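To keep things clear, I will list the structure first and then write my remarks on it.
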Amino acid sequence: MLAVERITLDYESTLTGVETLPVLGWIIASDQRNVEQIAWQIQIAQDEGFTSLCYDSGDVRSAESANITLPALSLTPSAHYVVRVKIHDNQGNVSDWSPTARFITGLPAAQWQAVFISAETPADKERSKGTLLRREFALPDGEIVSAIVHASALGLYQLYLNGQRVGQDELSPGWTSYHHHLRYQTYDVASLLQPGGNALGAMVGAGWYKGDMSFNRYRNYYGEQTAFIGQLVVRYRDGREVVIATDGLWQASDAPIVFSELYDGEIYDARLEQVGWSQPGFTATLWRDVTLLAADKSVLTPQTSCAVQAVERLQPIAMIVTPQGDKVLDFGQNLTGWVDFTVRGERGQKVVLRHFEVLDADGNVYLDNLRTAKQCVDYTLRGGQDEHYHPHFTFQGFRYVRIDAWPGTPAPEDFCAVVLHSAMQPTGSLETSRDDLNQLHHNIVWGLKGNFVDVPTDCPQRDERLGWTGDAQIFCRTASYLMQTRNFFSKWLLDLKYDQTEEGGVPHVVPDILTGKCDNDRFLSHGRTHSAAAWADAAVINPWTLYLMYGDKAILRQQYDSMKAWVDFMRAHAVEHMWRYRLQFGDWVALDAKEGSYFGATPNELICMAYYALSTKLFARTAQVLGNKADYAAYSALHEAIVARFQQEFFTPTGRLAARTQTAHILALCFDLVPTAFRERTVQTLLQLLEENDGHLVTGFVGTPYFCHALSENGQTEAAWQLLLKEDFPSWLYQVHAGATTIWEHWDGIKLDGTMWSPDMNSFNHYAYGAIGEWLYRAAAGINPDESEPGFKRIHLRPLPGGDIRWLKASYQSNYGNIGVHWQRDGEKMLTLSVAIPPNTRADVVLEGAERVLNDDGVAFVACTEGVRAALGSGRYTFTYLLA
Ligand code: BGC
């Protein structure tokens, strides 16, 4: 049996707003082993029956089933397309045509007849209210074959057609470096149209565009007036086309949203609702004219996937009354989103909800760590019947909700928490014999969900929620095991590139809304808003990570200049290969910091240089992958020089690393900065540094992600497991045992005595330390891509059992299909390993520490330094072996 199970378009199952053909891939299904594809045929058409083909590749001899780039096609804007594939394998099988994949094309910049229209005036500069826009239109008679709308906003918008919400996206158009690219969304609205009279309506709010942002609370960062742009294209069977675009004929009004801000929440007065406002026949006599804004339309680019959506819904697990008498809902999970509620009461009565993350030691509401973020929803009832509401242009980070006002007695069934995040396909799963480790994995996944809200944020609850580059850098690989992040990160990396300084400096947060707005900030004043080691290196590490995980060179091409500019920035600020720049975060929030300080004990010079070496190495490899020989040679030489200088500066002649911190040793080992002769000594000192802390880590953002790797990559797998499985403070499992449902910003977010870390900066949903997830997948489960054939075309499987874990089951949904690993201990010395290797890939499996293979499942193993190894073709295998 040979079949194409599913086609992917830019790694997604469907795309909307396509302007250039996506990269294609497909998942192959077969019941045989050693299956390799030898040829494919792709067809693209505009009709389901593939009667008139726009493209037919014919049989193409190729082993590739991912990252296929087709010749450029001239695509009709605002139209439907279908794609199918047929393949041949090396065993003489030919598949049927695959299930069809669909995409809708976008509207290239030159074709926007629409203009930006606003319901606000310059006088609304300081306000964050919601506004409404509407336009009624009559459609001529005839058979409609397609109706596609494209829309975007300066601010946030929701689109309605004939009273129905269009699409399922929230917080559109998302957050980008708006002056460089503003994304528009595309929807098929054929089913919402009706013969004759129709009406389009848009509700608009402030959002990231003009809202009150960052811990310094600046508003109007991108502009002072919200606006909306939309263009509906209706096509008829006989070739006629009707276009309804935003123009001066639209009308404007205020929405019942009296106030809506990302950090502070929403005030909604249902008494102000205008029933039927987005339906035809509505009397809009009191509505005002719109203002036409001459905003730049050339920045409009399509959002083809990955929009923020309501992905899950959770019921409260309890409704409690705190010792102080507050009525509180507990959703059992720290999450990002909003509360959906149903209420009944009298006109003018109120619902007031305050969202927060944790209860204090006495079980009372704890709001201090939200800083100035109000996270409050204030709803005024229209009265009479059941009223159903959730906020529109805000989101909250919370597990608990304090009910400050409610008509009558609230019941848990009246509420539901809606989880919002960028819609990404889950790709990783991992389960072990230990519940606390499983909970840690769960917490890592929820850290991702809570902080991948169109941009990768540090936290979702306080007055921050910014795209901190360092956090996104250290968590990128973990995130890419858990979900398909290729499109999410490639959009953010574009913003990083756009927001880089002329000199190549990389802002601390992307999109950058700090530069120029931090004059009174204790850390960030005097232009210290960009270029810190480990943060700015996201410019290089993230694209490289995506390349390894997805094998897609396009991301390297897109970011090449940006990567190079960052390396050149460091070079320009280096003296004898040691660079420095204004503000460094160092090993941020490490426990070896001085009392009351955020900055860990590892010297900045060392961290700067270590990351300079790493980024230069990865950039040189990028140049090699893209065939840029000159850059490859130049940056490889630069890398060697940096490493030599590092060794001269930080290693004594007898091999002592001059900075005696865990993080210094971890970086030196993991970034290949240790002279071979000193490697063992460096590993031993790291073990000693662990021992001195009673087996605990004291590392911060920089050292933590690599700690277990530094051990397991250097023959200390058991030490890595012991570190991971520590249960007392400080450790990953300390917070699990303290009841965490997400990852905390601080090892001691809640201290042993129940008191909190400073309210100044204490998030309970910060994914950074969740970067240990990478070790779980890459080492514990042992699933790795091979750099020579990235994107898991060639797979390394080298699971590292350890600790008191009896079994571990993990899977990763790669571009080629599911990679599975399941190991199990049978007694002290015996292990069983089952693996699944997708069709059209190969794997090199290593049975770590194996002395004898009892069941080789027909595979020829050979001895190697780690144990035994074998090369496998696709299929399922089970091995049993004895450890030495
Ligand atoms: C953020 C961090 C970030 C850091 C930079 C904090 O406020 O929450 O996660 O990386 O600042 O120093």
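Atoms within each ligand, like the ligands themselves, are counted from 1 in listed order. Keep in mind that this is a model prediction, so the values were computed, not measured.
Within 4.0 Å of ligand 1, counting heavy atoms only, the contacting residues are Asp458, Arg462, Glu464, Trp468, Asp471, Trp535, Phe585, Trp588, Phe701, Glu745, Met761, His766.
With 3.5 Å as the limit, one finds a donor-acceptor pair spanning the side chains of Thr372 and Arg217. The closest side-chain donor-acceptor pair between Asp499 and His530, if any, does not fall under 3.5 angstrom. Side-chain contact, Asp587 with Thr663: a donor N or O sits under 3.5 Å from an acceptor N or O.
The aromatic rings of His508 and Phe585 sit perpendicular to each other, their planes meeting at more than 60°, with 30° as the lower class boundary.
Judged by distance alone, the side chain of Trp588 and the main-chain N or O of Gly700 form no donor-acceptor pair under 3.5 Å.
Salt-bridge annotation for Glu464 and Arg371: present, with a side-chain N of the basic residue lying under 4.0 Å from a carboxylate O of the acidic one.
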